[in-house]
A.B. asks: 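First, the structure itself, so that you have it in front of you.
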Amino acid sequence: MNLLLSTHNTLKQPQAVTELCYNFLEGLISRFLVEGFQAEIAEQNKQLMLSLIKSLQA
């Protein structure tokens, strides 16, 4: 938990990153409940989310 808080405090747009992660995860959970879990889709979305977070930090 301390790692999350320290990371959150160093982000340039912490609220935007939090909302992005929440919405991304909510969408993935819904998708996997309907279509079933797919590791490839999960990994692609993880990489996309990390890329978007990096963009917010630029």
Side-chain angles (χ1 to χ4, degrees):
M1 183 64 148
N2 289 336
L3 175 62
L4 291 175
L5 291 175
S6 65
T7 302
H8 186 270
N9 290 332
T10 61
L11 294 172
K12 290 183 181 178
Q13 299 182 48
Q15 188 63 37
V17 171
T18 300
E19 289 293 323
L20 174 68
C21 291
Y22 178 86
N23 290 327
F24 233 89
L25 290 173
E26 184 178 41
L28 280 177
I29 290 168
S30 295
R31 179 178 183 167
F32 292 151
L33 286 172
V34 172
E35 299 176 8
F37 179 76
Q38 299 172 355
E40 182 179 327
I41 298 296
E43 183 60 31
Q44 288 172 354
N45 279 276
K46 174 185 166 187
Q47 295 306 317
L48 178 57
M49 183 169 52
L50 292 174
S51 175
L52 291 171
I53 291 170
K54 286 180 186 176
S55 294
L56 285 171
Q57 300 311 298

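In this chain, numbering begins with 1 at the start of the sequence shown.
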A.B. asks: Quick one: closest heavy-atom pair of K12 and A58, and the distance?
C.D. replies: NZ-C, 4.0 Å

A.B. asks: Can you check whether Q47's main-chain N or O pairs, donor with acceptor, with S51's side chain at less than 3.5 Å?
C.D. replies: no

A.B. asks: Do you reckon L25 sits in the same ILVMFWY cluster as L20, going by side-chain contacts under 4.5 Å, direct or chained?
C.D. replies: no

A.B. asks: Which pair of heavy atoms, one from L56 and one from Q13, lies closest together, and at what distance?
C.D. replies: O-NE2, 3.2 Å

A.B. asks: For residues 27-42, run the donor-acceptor check on the side chains, cut-off 3.5 Å, and write out each pair with its distance to 0.1 Å, sequence neighbours left out.
C.D. replies:
from: S30; atom 1: OG; to: E26; atom 2: O; distance (Å): 3.2
from: R31; atom 1: NE; to: E35; atom 2: OE1; distance (Å): 3.2
from: E40; atom 1: OE2; to: Q44; atom 2: NE2; distance (Å): 3.3

